[in-house]
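Worksheet for the structure shown next.
Quick caveat: nothing in here was measured; it's all calculated off a predicted structure. Note on naming: letters A, B, ... go to the chains in the order of the sequence lines (proteins, then strands), and numbering restarts at 1 for each one.
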Protein chains: 2
Amino acid sequence: MTQIDINILIVWGAVARKFKKGEMIFWEDEVAHFYHQIQSGTVRVYNINDEGREFTQGIFSDGNSFGEPPLFSQDTYAASAIAMTDAVIYKLNIEGFQRLLKEYPEVQHGFNVLFAKRLYDKACMAREIINSPESRILAFLKKTKHAATKEEGLFRIPYTRQEIANSTGLRVETVIRTLKRMVKENKVEVKGHKLFY
Amino acid sequence: MTQIDINILIVWGAVARKFKKGEMIFWEDEVAHFYHQIQSGTVRVYNINDEGREFTQGIFSDGNSFGEPPLFSQDTYAASAIAMTDAVIYKLNIEGFQRLLKEYPEVQHGFNVLFAKRLYDKACMAREIINSPESRILAFLKKTKHAATKEEGLFRIPYTRQEIANSTGLRVETVIRTLKRMVKENKVEVKGHKLFY
DNA sequence: CGAGTGATTGACTGCGTTCAACCGACGTGG
DNA sequence: CCACGTCGGTTGAACGCAGTCAATCACTCG
């Protein structure tokens, strides 16, 4: 699903910019100057702590926008964004974005709906903090399911164990061991290291 | 800060309803039929798991609205809401709410800003999952600060240790022991069991 | 005063982490 | 075609911190 129609974006001054795999798009605590919408590629929004441990706030791909909240709330970025693959991203400066919003109430409403869904997802992940690793992984798989491609009735989870760990706040080893138990109990399937749910 | 002007709310059909301390306002997984805005009292939005352990998603008081995301995203409630004190809450049915939104673009925009702030707060809490109890408690205190009343340059934290535990995903004992260490290191103050930050 | 709620303490436990090593698939360059 | 490097996945052993359990204390209010 595309957040804002490309043509409208361009008319209001958005510019496509290429990012190399691994290139930073913005940094935590920075002031937000641009609206970002992905034409192609995938982007990871994440935090990193003093010990170098990472937490993934979200992963975004074709058509998605990301890093928009500060454009509305005057906050700085709560996390950093990095290109996980080569990517092309439309950037529209905040002034243009705000004018566009005023002009198109449907777009305004579109962000209400988008933010509402994000809040729902965040709430679902947050409540897992008091649950077992298995429950936390299941919550992540459930949330991630709609983003996955279906193969023979099951969803192929396109993330590495490390990424699942970063998204759930667990460690890789815990994810691996928990998934193994879940395979035994027919809660997930693994074919050649690939994970299905 | 009041989310929607009371007079407008009433004109569009909102009705004030009293809730007794401990009374449920809505339940997790329920379909959302009403917009809720607090006139007086405080409300806790929370989850409870199979073992009876609770996680607090948010605490709201005078002027705040809560449980709005599903009105935009067609999701069910991600959590339950309960009156922590006797409370009076304006309720406006979803049809009225949606008509009101269409009529007042500023209100629409107000929700964008509100949701953006909530997403920021949720992101700040979420990233703490990979940090120490101390860091998690500090993040909570920081977020909660603006809601607290100032006394002699410090903020009186109006929550019990149990509530801090429920909000951070820690256990009461861990909160108590961590706070104790933080007092020694002058990171917080405690006067007669009351917590200051 | 007694009941009730919240705060506190100590002893023990166990689960997820940590650390270290190894495996296996894939791709690239000589 | 093979050697090698890289990246992700896997395993085992040991550890330690937050959780668990149970008891007691402190304060407030009717």
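Under 3.5 Å, the side chains of A:Q162 and A:N166 contain a donor-acceptor pair of N or O atoms. Side-chain polar atoms of A:R136 and A:T168 form no donor-acceptor pair below 3.5 angstrom.
Map B:V190 and A:T174 each onto its nearest nucleotide of DNA chain C; the residue landing nearer the 5' end is B:V190.
Rounded to whole Å, the distance from CD on A:E173 to P on D:dG16 is 17 Å. Per the geometry, CG belonging to B:N131 stands 15 Å off C1' belonging to D:dA18, to the nearest Å. With rounding to whole Å, B:E54 atom CD is found 18 Å from D:dG19 atom C1'. Rounded to an integer number of Å, the gap from B:R136 CZ to D:dG19 C1' is 12 Å. If you take CZ of A:R177 and P of D:dT10, they are 11 Å apart, rounded to a whole angstrom. Spacing between atom CD1 of B:I129 and atom C1' of C:dT17 amounts to 14 Å, rounded to whole angstrom units. Atom NZ of B:K180 and atom C1' of C:dG10 are 11 Å apart (whole Å). If you measure from atom CZ of B:R171 to atom P of C:dG6, you get 16 Å, rounded to the nearest angstrom.
Residue A:T160 places no side-chain N or O under 4.0 Å from the OP1 or OP2 atom of D:dG8. Side-chain nitrogen and oxygen atoms of B:R161 include at least one within less than 4.0 Å of the OP1 or OP2 phosphate oxygen of C:dT8.
Rounded to 10 degrees, the angle separating the terminal helix axes of the helix from C:dC1-D:dG30 to C:dG30-D:dC1, each built from five base pairs, is 30°.
Tested against A:I130 for a side-chain contact (heavy atoms from CB on, under 4.5 Å), the candidates B:I48, B:N49, B:L170 yield a single pass: B:N49.
The existence of a salt bridge linking B:E68 and B:R118 is confirmed by a sub-4.0 Å separation between a basic side-chain nitrogen and an acidic carboxylate oxygen. Using a 4.0 Å cut-off between charged side-chain N and carboxylate O, B:E128 and B:K142 make no salt bridge.
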Could you list, one pair per line, each protein nitrogen or oxygen that sits under 3.5 Å from a nitrogen or oxygen of nucleotides 24-30 of chain D, together with the distance?
none

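Residue A:I176 places its side chain closer to D:dT10 than to any other of D:dG12, D:dT10, D:dG19.
Minimum heavy-atom separation, B:F55 to B:S167: CE1-O, 3.5 Å.
A ring-centre distance under 6.0 Å is found for B:H36 and B:F26.
Screening residues 87-101 of chain B for side-chain hydrogen bond (donor to acceptor under 3.5 Å, both in side chains) gives B:Q39-B:Y90 as the qualifying pairs, with residues at least two apart or on separate chains.
Considering only heavy atoms from C-beta on, B:I82 comes within 4.5 Å of B:M24 through its side chain.
B:R53 contributes no side-chain N or O that forms a donor-acceptor pair with the base of D:dG19 under 3.5 Å.
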